[in-house]
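Notes follow the structure.
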Amino acid sequence: MVASVVSLASTLIAVTSSSSPSYSSSFLTKLRSAPSLRLSFAVSPLCSRRRKHMAHTIARATLGLTQISPAFEAPKLSFSSKEIDVTEWKGDLLAVGVTEKDLAKDQNSKFENPILKKLDSHLGGALAEASTEEDFTGKSGQSTVVRLPGLGWKRVGLFGLGQSASSTAVFRGLGEAAAAAAKAAQASDIAIVLASSEGLSAKSCTASAIASGAVLGIYEDNRYKSESKKPALKSVDILGLGTGPELEKKLKYAQDVTSGVIFGKELVNSPANVLTPGKLAEEASNIASLYSDVLSAKILNEEECKDLKMGSYLAVAAASANPPHFIHLTYKPPGGPAKVKLALVGKGLTFDSGGYNIKTGPGCSIELMKFDMGGSAAVLGAAKVIGQIKPFGVEVHFIVAACENMISGTGMRPGDIVTASNGKTIEVNNTDAEGRLTLADALVYACNQGVDKVVDLATLTGACIVALGPSIAGVFTPSDDLAKEVFAASEISGEKFWRMPMEESYWESMKSGVADMVNTGGRQGGAISAALFLKQFVDEKVQWMHIDMAGPVWNDKKRAATGFAVSTLVEWVLKNSS
């Protein structure tokens, strides 16, 4: 009986595909249906060599038979800028962005704002009446839509911008809200206008932010749904913010950046049984192929990583049936050598179980750990945009140490000591602090490319979410100059960052009795000690920043990824171009 049990325990059921799944060049394009699958059953002792072979065979199969819908298509919108009287525009929905001040009324309960006054007169007082009845005050997030057939527009909507409208985030929010209203009404063409556009320093940037918001507002990730409605919206007119080549260029730029944001969203949204480390590497290679005039790809396999002595990274990957893939894309500018060399390093854990320190209990969010590659999604999303816009004078290295943190007999254990590629040793006192172990070798590799500046991005610590909440990323850097550059870029992108201290005295909690360091300190100041850990793997001559984006990578209300940091990274690269 015991022998039978041992024999049964020594069998392995392998699922292999009759041919490797064939995908098109990107998550943003239509994919073919999955090939047929074949089940094969093998009985063999669990010897090391065969176990490894069978594990890789299993990894090639598509777990759960889940494939991206072949009918999926990303939304396509056409934008135009017009200088016409709002009452002359014809279409499905006229969306008016209003501040609280814009809604001021005179003693006769008439709008004082010229545009609202003209519209309300044209509509026989319907707007003023609706704003009063629905208690619309122009606060951020408020909206009211009035159906008015037969007057040139089917609907007119008022969308609140808050007390003032001056930031990218506010204008992008207007675009999103207007597009969402259009989607609900199945509108095919809309116009967006500001009730007050006087005093705007850069109207073309405002129009660009509105356009970005409109694309994101109409977008919905339906790739994994058996049925979905296609949005009806096809065109967006932006009124009163100017016309001409500069504005057209800004609108084109907005669409380029938004394509990278959506790409980042789709990577994070994709489940771990579809987006394996190998598939992430394939997507990176596809970007390089798409923009092969300026981008090249190098994908290192496990043996090549061993040759580079990446013991810290490979220890994290050791338990998974899906082998690790180290991704390196290089952007070389057209028209001559680069004056500045940059590196963007993204954490690429396509799934994080926590390892032997498995994620358990309320709030562990293990079911969301597909988003633990959010840093890599931001980096690859930025690579896509940079490949499209092709900035001069700057070389960029996009680096991801992709793997899974799983549990098996070959996996990393608490108490193990691993050696990073710069020779430093790490005592692993928590296998769920794995992201920093992968980033350690990725940062060493990045510095070895001869770069001047490195920014790494990671969904690294819950401590940063506790400190800053779900909407703000923590920034850690010893370089004031680099901090100024990135924060200037974030002002344009509208994304939220907050600089955190790097308190060197906290490093005491990271010292080991048997190795150079441990990989986690105490509970207090966890995001800071994590940043101090990463600092040990950065060349002192290189300007470096760590961005902990554990909070803003995911929107709990929408239950979907945000595409966070793509826009800021692109702006930062452009600030470093000539």
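Remark: Ile465 CD1 to Asp548 CG distance equals 7.5 Å, nearest 0.5 Å. Between atom CE of residue Met500 and atom CG of residue Leu468 there is a gap of 4.5 Å, rounded to the nearest 0.5 Å. For the atom pair CD (Glu248) and NZ (Lys252), the distance works out to 12.0 Å, reported to the nearest 0.5 Å. Here CG of Leu574 is found 5.5 Å from CD1 of Ile386. Values are rounded to the nearest 0.5 Å. Here the NZ atom belonging to Lys341 is positioned 10.0 Å from the OG1 atom belonging to Thr330, to the nearest 0.5 angstrom.
Asp221 places no side-chain N or O within 3.5 Å of a backbone atom of Glu266 that could act as its donor or acceptor partner. Panel note: side chain Ser208, backbone Ser204; no donor-acceptor pair is recorded below 3.5 Å. In this structure, the side chain of Ser81 does not engage the main chain of Ile238 through any donor-acceptor pair within 3.5 Å. Under a 3.5 Å cut-off, the side chain of Ser353 and the backbone N or O of Asn405 do form a donor-acceptor pair. Lys453 places no side-chain N or O within 3.5 Å of a backbone atom of Leu482 that could act as its donor or acceptor partner. Between the side chain of Lys332 and the backbone N or O of Glu395 there is no donor-acceptor pair closer than 3.5 Å. With Thr477 contributing its side chain and Trp544 its backbone, the two residues share a donor-acceptor pair below 3.5 Å.
Checked against Tyr313 for a side-chain contact (heavy atoms from CB on, under 4.5 Å), the options Leu308, Asp441, Leu439 give a single hit: Asp441. Checking Asp352, Asp372, Thr438 one by one against Lys347, the side-chain hydrogen bond (donor to acceptor under 3.5 Å, both in side chains) holds for a single residue, Asp372.
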- Test side-chain hydrogen bond (donor to acceptor under 3.5 Å, both in side chains) applied to Arg436 and Thr520, step by step: CA-CA 9 Å; Arg436 65 198 69 182; Thr520 61; 5.8 Å; no
- side-chain hydrogen bond (donor to acceptor under 3.5 Å, both in side chains) between Thr562 and Asn555, worked out: CA-CA 6 Å; Thr562 62; Asn555 186 316; over 6 Å; no
- Test Thr568 against Glu495 for side-chain hydrogen bond (donor to acceptor under 3.5 Å, both in side chains), laying out the working first. CA-CA 7 Å; Thr568 299; Glu495 295 178 316; 2.5 Å; yes
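The shortest non-hydrogen separation linking Val345 to Ala446 is CG2-CB, 3.8 Å.
Under the 6.0 Å cut-off for aromatic ring centres, Phe533 and Tyr506 do not qualify, their centroids lying 6.0 Å or more apart.
Side-chain contact between Val451 and Val396 is absent, with no heavy-atom pair separated by less than 4.5 Å.
Relative orientation of the His328 and Tyr445 rings is perpendicular, given thresholds of 30° and 60° on the angle between their planes.
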